[in-house]
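What follows is one structure encoded as C-alpha cells, with my remarks underneath.
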Amino acid sequence: MDENLSLLTKRPVTVKGAIIQKLARQWPLSIKQLHTSLMREFGIAVTYQAVHKTINSLEEDQIVSRYGSGYHLNNNWIQNITQLSNQILH
C-alpha cells in the first residue's frame, strides 16, 4: 500500500500514519505519550527512538509543530489537507 494512502486508513500501517491519527484526536502529546499510545492503542511494536525520529521528520516536513512540551498537527498542513479534500470532492 502506498504510504500516503495508509495515512487515510482506519488502522494505520506506519508509525507516521499512527502519529498523525493520534494527534488528530488528542494533543499536545509528548514523544513518550505518543510512543505509549502507538504500542497500546494501535498495537504497533515500535521503539522510542523510532517515534522520536519520525516526529523529527514530521516536524521537518511541517506536518507537526511543537506545542509547549508536546506536539500537535501543524495548522497550515491541516488547511492544505482540507483544501485538497475539497478539490477532490468538487
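Since the structure is predicted, the reported quantities are computational estimates derived from the model, not experimental observations. Along the sequence shown, the residues carry numbers beginning at 1.
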Residues 39-49 side chain polar contacts: donor-acceptor under 3.5 Å, at least two apart:
| from | atom 1 | to | atom 2 | distance (Å) |
| --- | --- | --- | --- | --- |
| E41 | OE1 | K22 | NZ | 3.2 |
| E41 | OE2 | K22 | NZ | 2.8 |
| E41 | OE2 | S37 | OG | 3.2 |
| T47 | OG1 | A50 | N | 3.0 |

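By the 4.5 Å heavy-atom criterion applied to side chains, L23 and L73 are counted as neighbours. Residues I31 and V51 are in side-chain contact: their nearest non-hydrogen atoms beyond the backbone lie under 4.5 Å apart. R66 places a side-chain heavy atom less than 4.5 Å from the side chain of Y71. The side-chain heavy atoms of I19 and L29, taken from C-beta on, include no pair separated by under 4.5 Å.
Using cut-offs of 30° and 60° on the angle between ring planes, the pair W27 and H72 is tilted.
Between atom NE2 of residue H35 and atom CD1 of residue I55 there is a gap of 12.5 Å, rounded to the nearest 0.5 Å. Note that CD of Q33 and OG of S69 are 7.5 Å apart. Values are rounded to the nearest 0.5 Å. Distance check: N56 CG to D61 CG gives 11.0 Å after rounding to the nearest 0.5 Å. With values rounded to the nearest 0.5 angstrom, I88 atom CD1 is found 12.0 Å from Q83 atom CD.
Using modelled atom types, one side-chain atom of N74 and one backbone atom of N76 make a donor-acceptor pair closer than 3.5 Å. Side chain of S57 to backbone of K53: no donor-acceptor contact under 3.5 angstrom is found.
Taking the side-chain hydrogen bond (donor to acceptor under 3.5 Å, both in side chains) definition, one finds that T36 meets it with nothing, sequence neighbours left out.
Heavy-atom neighbours of E59 CD from other residues, nucleotides or ligands within 6.0 Å: above the threshold of 12.
In this structure, a donor-acceptor pair under 3.5 Å is absent between the side chains of N86 and H90.
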